[in-house]
Amino acid sequence: VNPAEIEAARAAEIDRAALERKFGIPPEKFLVFCVGQFIDRKGRWIFLEAARKLSQKYSDIAFVWISNSKPSAEELKRAESYNLSERFVFITSDQVGKERDDLFKLLRLADVFALPSYVEGLPISLLEAMALGKPSVSTCVNGIPEAVKHLETGLLIEPDSAENLIGAIEKLKNDERLREKLSEGGREFVLRNFDERRAAQIAWEGYKEAFRA
């Protein structure tokens with residue numbers, strides 16, 4: 001992640017009500033965000049099933065997915081079958097804006113970041129959400145546990161389980177202290193271990209060593 005960009009976004013003034021109006025996000029809700037391609041391996045239907053069940057239980061919760069591509073008509077029809085209405089907002093990256101800062105400012109509205117992927121490397125969207133101080137939930141697959149340490153920097157769940165995702169989101173919704181702990185722990189861990197400047201330095205040192213050999 002780029003710490004300077006993260007800190008600038010955190011320091012910037014935002015008009016929450018204006019952002020909610022612009023993107024059709026219902027006001028005064030506990031907001032669960034996901035950022036990523038709206039595809040199966042990202043756990044999109046698990047996310048929507050969790051959204052459906054939690055929306056039935058809580059009147060003050062809503063879900064937002066930000067994607068770099070628009071779903072097909074068939075995919076939108078399936079998404080609509082979850083009957084979430086205004087409780088689920090789908091936003092494409094071109095709507096958000098051209099600058100990374102635009103995404104960060106919008107992501108600041110989130111109370112929780114959730115990425116229920118089946119297959120993943122170490123997604124930049126997750127690292128950036130954590131660096132912004134968003135308590136995060138993701139799956140224990142591939143590289144994700146490198147950043148998400150269960151109950152320390154985030155919550156880890158098994159993939160392919162709406163019930164596990166529901167439990168994690170509900171736990172965070174009902175436990176402000178845990179949200180604060182994971183916000184602080186996740187942010188500190190990512191900024192310390194995933195600073196892109198340090199990564200570039202390590203790569204450069206590796207190249208120099210290889211050429212000397």
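Heavy-atom basis, side chains included; hydrogens, waters and symmetry copies ignored.
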> Ile14 versus Arg108: any side-chain heavy-atom pair under 4.5 Å?
Replying inline: yes
>> Pairing donors with acceptors under 3.5 angstrom, does anything connect the side chains of Asp40 and Tyr118?
In response: no
> Looking at residues at least two apart in the chain, or sitting in another chain, which of them share a side-chain contact (heavy atoms from CB on, under 4.5 Å) with Asn142?
Replying inline: Val119
> At what distance, to the nearest 0.5 angstrom, does NE2 of His150 lie from CG of Leu182?
Replying inline: 9.0 Å
>> Applying a strict under-4.5 Å side-chain criterion to I, L, V, M, F, W and Y, I'd like to know whether Leu109 and Phe104 cluster together.
In response: yes
> If we ignore angles and hydrogens, is there a donor and acceptor under 3.5 Å between the side chains of Glu128 and Ser125?
Replying inline: no
>> Counting the benzene-type ring for Trp, do Phe88 and Tyr82 have ring centres under 6.0 Å apart?
In response: no
> Which heavy atom of Ile144 sits nearest a heavy atom of Leu122, and at what distance?
Replying inline: CA-CD1, 4.0 Å
> More than 12 non-hydrogen atoms from neighbouring residues, nucleotides or ligands closer than 6.0 Å to NZ on Lys171, yes or no?
Replying inline: no
> Is it the case that one hydrophobic cluster holds both Val137 and Leu127, taking links as side-chain heavy atoms less than 4.5 Å apart, direct or via other members?
Replying inline: no
>> A cation-pi test, strictly: NZ or CZ of Arg78 under 6.0 Å from the centre of the six-membered ring of Trp45 and no more than 45 degrees from its axis. Yes or no?
In response: yes
>> Counting only heavy atoms from other residues, nucleotides and ligands, does the tally under 6.0 Å from CD of Glu7 exceed 12?
In response: yes
> Under a 4.5 Å cut-off applied to non-hydrogen side-chain atoms, are Lys42 and Glu120 in contact?
Replying inline: yes
>> Regarding Asp111 and Lys29, does a basic nitrogen lie under 4.0 Å from an acidic carboxylate oxygen?
In response: no
>> Side chains of Asn68 and Gln37, heavy atoms from C-beta outward: is any pair under 4.5 Å?
In response: yes
> What do you reckon, are the aromatic ring centroids of Tyr58 and Phe30 less than 6.0 Å apart?
Replying inline: no
> In the single-linkage hydrophobic clustering (I, L, V, M, F, W, Y; side-chain heavy atoms under 4.5 Å), do Trp65 and Ile157 co-cluster?
Replying inline: yes
>> Please check this pair: side chain of Ser67 against backbone of Ser69, looking for a donor-acceptor N/O pair closer than 3.5 Å.
In response: yes
> Between Leu132 and Ala9, what is the shortest heavy-atom contact and its length?
Replying inline: CD2-CB, 4.3 Å
> Please walk me through it: do Glu80 and Lys77 pass salt bridge (Lys or Arg N to Asp or Glu O under 4.0 Å)?
Replying inline: CA-CA 5 Å; Glu80 289 168 1; Lys77 184 176 180 180; over 6 Å; no
>> Run the side-chain hydrogen bond (donor to acceptor under 3.5 Å, both in side chains) test against Asp102 and tell me which residues pass, sequence neighbours left out.
In response: none
>> Can you confirm whether Phe33 sits close enough to Ile66 that some side-chain heavy atom of one is under 4.5 Å from a side-chain heavy atom of the other?
In response: yes
> Mind checking what makes side-chain contact (heavy atoms from CB on, under 4.5 Å) contact with Lys22, not counting sequence neighbours?
Replying inline: none
> Side chains of Thr139 and Leu115: does their closest heavy-atom pair fall under 4.5 Å?
Replying inline: no
>> Rounded at 0.5 Å granularity, tell me how far CD in Glu146 sits from CZ in Phe194.
In response: 6.0 Å
>> Go through it in stages, so that I can follow the logic: the residues are Asp175 and Lys181, the test is salt bridge (Lys or Arg N to Asp or Glu O under 4.0 Å), and I'd like the CA-CA distance, side-chain angles, deciding distance and then a yes or no.
In response: CA-CA 10 Å; Asp175 192 338; Lys181 175 186 175 182; over 6 Å; no
>> Within the structure provided, determine whether Phe63 and Ile169 are in side-chain contact (heavy-atom separation under 4.5 Å).
In response: yes
> Do you reckon Ile124 sits in the same ILVMFWY cluster as Leu191, going by side-chain contacts under 4.5 Å, direct or chained?
Replying inline: yes
> Using a distance-only test with no angle check, is there a side-chain donor-acceptor pair under 3.5 angstrom linking Glu180 and Ser183?
Replying inline: no
> Does the pair Glu170/Lys57 count as a salt bridge with the N-to-O cut at 4.0 Å?
Replying inline: yes
>> Between Ser161 and Glu158, does the side-chain hydrogen bond (donor to acceptor under 3.5 Å, both in side chains) criterion hold? Intermediate values first, please.
In response: CA-CA 7 Å; Ser161 172; Glu158 293 291 332; over 6 Å; no
